[in-house]
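Order of the sequence lines fixes the chain letters, A, B, ..., with proteins taken first and strands second; residue numbering starts at 1 for each chain.
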Amino acid sequence: MSKPSLPQGTRDFSATVVRKRNYIFQTIRNVFENYGFQPLETPAMENLETLMGKYGDEGDKLIFKILNNGLDNPAKQEQSKLAFEKILDGKNTKDLTERALRYDLTIPFARYVAMNHGQLNMPFKRYQIQPVWRADRPQKGRYREFYQCDADVVGSYSLLNEVELANIYATVFKQLGVDTVIKINSRKILAALAEFCGGANKMVDITVAIDKLDKVGLDKVKEELSLRGLNANQIQTIETYLSIEGSNTEKLAQLKQLLAGNETAIAGIAEIEYLLNYHANSFVGQQLQADFTLARGLNYYTGLIFEVKANQVQMGSIGGGGRYDDLTGSFGVPNVPGVGISFGVDRIYDVMEELALFPAEVQTGTKVLFFNLGEAESKAAFGLMQQLREQNIACELFHENAKFEKQFKYADKKQIPYAVIIGSKELLENTLVVKNLVTGEQTPLANNELLSFNF
RNA sequence: GAGGGCGUAGCUCAGUAGGUUAGAGCGACAGUUUGUGGCACUGUAGGCCGUGGGUUCGAGACCCAUCGUUCUCCCCA
């Protein structure tokens, strides 16, 4: 028997970690609910065809596929072999795999909307907090199983949705105490830039290249643009575009000048201005930052896009989202617009851990340990303990009669703040001693006074 | 998909230019006279040195392979 181990990129979460994670989940969930979003859960696995082709070529490779059962069935062996040959040739076949683990929460949601759009009360606002799986190489802040917390609105073109979603971002991170910047851009502006430089079909090439600006620097970006077939003139325009700097208003002014007269650009700029003006006088506005280099990988975005970064920590984005005008189109239901955001809990956790932002109260487990000092003594203790439990005070009775030292140590390890001691003397007198294990202070009480003790 | 680092006790790691029975700290367990802890002291247990091959009189150390893990690039949360 070899040592047990965990699949790459997955983790066990022990008590302290779970409590901290739940604190994040709870915060996000409460804010979602507070903004009128309703919960949804979907299966861990989807039909492979639901997912394939939705995340681009790179994304398709990272989808965890589930091997069909019964491939070794003698009657089907020939079929299985043929199917395997097809896979080796890079072709898809249902004969080997027809299900896959969900890669994100947005596409399963889109599938859900497409299946139920007749029944849904539009605009439909749902939130979803579930794990997703990606066959990626794990590294810092990157796992093969991780949670996403999504909130999406479908069935509405109103920019008021974007306004609310920005508010949700700012509120959650304020409550968690994480100092963040919410970067915003519009896909329309990127599209307009492409129209200016080489045509709409160059949009992907351009966005992929400029998205790397802060990582590789201007020269490398220009190099890549050149490789992707842009001429010197076009690259010059993009350089000007990338050199836009200053406050949000200053940036927008420069952009207007650069892309003057382009209708797509005007529309995109209007979106950003709408969002900024709406939040001009709130705490949300202080975090919003127009960033025209922001591109976002997923190509279904069409309007405003968001990305959240933590200010004091070196870490990839801890949230992202944007508007997509035709998400369910690929499921045969056209013209359902939507906009959504996502929180990356695992990265938020890492950021908060690094900055020591978790409040101490998160770690409250057992409140009172009842000492076990003998058969009759522990029986009395048990009865009293049940009374406390009914008051929702978490208690434990030590599992066996043991030396004081041992019982104290157990309490220490579990950081239990109180002990209740009932020995032979107390048993006779129907009394007990409450000991504060932090201060060492002891309070003798009659049994019937225990319930009114302020733990 | 490409490229680095690291695998020695439950945990964190030492292990010098290859040389006897592989070490420390923490943790665990037991005790320091019988019912008040966190400290201290003493003792005990616990290692196919990731796995398989090779070089050598001799390998935890060197070489190759393999598995695991971690980090970077690509891409992403």
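- Taking atom P in both B:C26 and B:A22, the straight-line distance is 22 Å, to the nearest Å.
- As rounded to the nearest Å, B:C71 and B:C29 have C1' atoms that lie 38 Å from one another.
- Across all strands shown, B:C67 is found opposite B:G7 as a Watson-Crick or G-U wobble partner, with both distances under 3.5 Å.
- In summary, of the residues considered (A:Phe343, A:Tyr127, A:Tyr147, A:Tyr23), a side chain to side chain contact (heavy atoms under 4.5 Å, CB included) with A:Ile28 occurs for A:Phe343 alone.
- Counting only heavy atoms from C-beta on, A:Arg142 has its side chain closest to B:C74 among B:G37, B:U36, B:C74.
- Note on A:Lys409: nothing from the nucleic acid sits closer than 4.0 angstrom, heavy atoms only.
- Among the heavy atoms of the strands lying under 4.0 Å from A:Ser317 are primed sugar atoms or P, OP1, OP2 only; no base atom is included.
- Ring geometry for A:Phe404 versus A:Phe371: interplanar angle over 60°, hence perpendicular rather than tilted (30 to 60°).
- Minimum atom distance to the side chain of A:Lys406 is reached by B:A30, of the listed B:C71, B:A30, B:U69.
- Ranking B:U36, B:G35, B:G37 by closeness to the A:Gln442 side chain, first place goes to B:U36.
- Taking side-chain N and O atoms only, A:Lys403 has no distance below 4.0 Å to OP1 or OP2 of B:U34.
- Residue A:Leu6 is in sugar-phosphate contact alone, with no base atom involved, counting any heavy-atom pair closer than 4.0 Å across all strands shown.
- Residue A:Lys140 has its side chain nearest to B:U72 when only B:G35, B:A77, B:U72 are considered.
- One can place OH of A:Tyr103 at 7 Å from P of B:A77, the figure rounded to the nearest angstrom.
- Residue A:Tyr147 contributes atom OH, which lies 18 Å from atom P of B:A77 at whole-angstrom precision.
- A:Glu307 comes within contact range of no nucleotide atom at all, as no heavy-atom separation falls under 4.0 Å.
- Counting non-hydrogen atoms under 4.0 angstrom, A:Lys61 reaches nothing in the nucleic acid.
- At the heavy-atom level, A:Gly320 lies nowhere under 4.0 Å from the strands shown.
- Among the heavy atoms of the strands lying under 4.0 Å from A:Ile421 is at least one base atom, whether or not backbone atoms are also near.
- Remark on RNA chain B: of its neighbouring residues A:Gln8 and A:Gly344, the 5'-side contact belongs to A:Gln8, judged by nearest-heavy-atom nucleotide.
- Atoms CD1 (A:Ile210) and P (B:C75) sit 13 Å apart, rounded to a whole Å.
- Aromatic ring centres of A:Tyr349 and A:Phe358: separated by under 6.0 Å.
- B:A2: Watson-Crick or G-U partner is B:U72, with both key distances under 3.5 Å.
- In summary, the aromatic rings of A:Tyr103 and A:Phe64 are positioned with their centroids too far apart to meet the 6.0 Å limit.
- With B:G38, B:U72, B:U36 as the choices, the nucleotide that has an atom nearest any side-chain atom of A:Gln139 turns out to be B:U72.
- Straight-line distance between the P atoms of B:C49 and B:G10: roughly 12 Å, to the nearest whole Å.
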Step by step, would you call A:Asp346 with A:Arg11 a salt bridge (charged side-chain N to carboxylate O under 4.0 Å, His left out)? CA-CA 11 Å; A:Asp346 301 77; A:Arg11 299 151 294 162; 2.5 Å; yes
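- Relative to the side chain of A:Lys435, the nucleotides B:A77, B:G37, B:U69 differ in distance, and B:G37 lies closest.
- As judged by a 4.0 angstrom heavy-atom cut-off over every strand, A:Tyr143 is placed among the base-contacting residues.
- Across all strands shown, A:Leu437 has heavy atoms under 4.0 Å from base atoms, whether or not it also approaches the sugar-phosphate.
- Searching all strands for a Watson-Crick or G-U wobble partner of B:C29 with both distances below 3.5 Å returns B:G43.
- For the C1' atom pair drawn from B:G52 and B:A45, the interatomic distance equals 31 Å after rounding to whole Å.
- Of the candidates B:G31, B:G35, B:U69, the closest approach to any side-chain atom of A:Glu426 belongs to B:G35.
- Salt bridge absent: A:Arg323 and A:Glu271 never bring a charged side-chain N and a carboxylate O closer than 4.0 Å.
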request  = For A:Asp152 and A:Tyr324, run side-chain hydrogen bond (donor to acceptor under 3.5 Å, both in side chains): C-alpha distance rounded to whole Å, both residues' side-chain angles, the deciding distance at 0.1 Å, then the answer.
outcome  = CA-CA 10 Å; A:Asp152 289 79; A:Tyr324 38 87; 2.5 Å; yes
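- Note: CD (A:Glu405) to C1' (B:C41) measures 13 Å, nearest angstrom.
- The residue A:Gly440 sits close to a base: some heavy atom pair falls under 4.0 Å.
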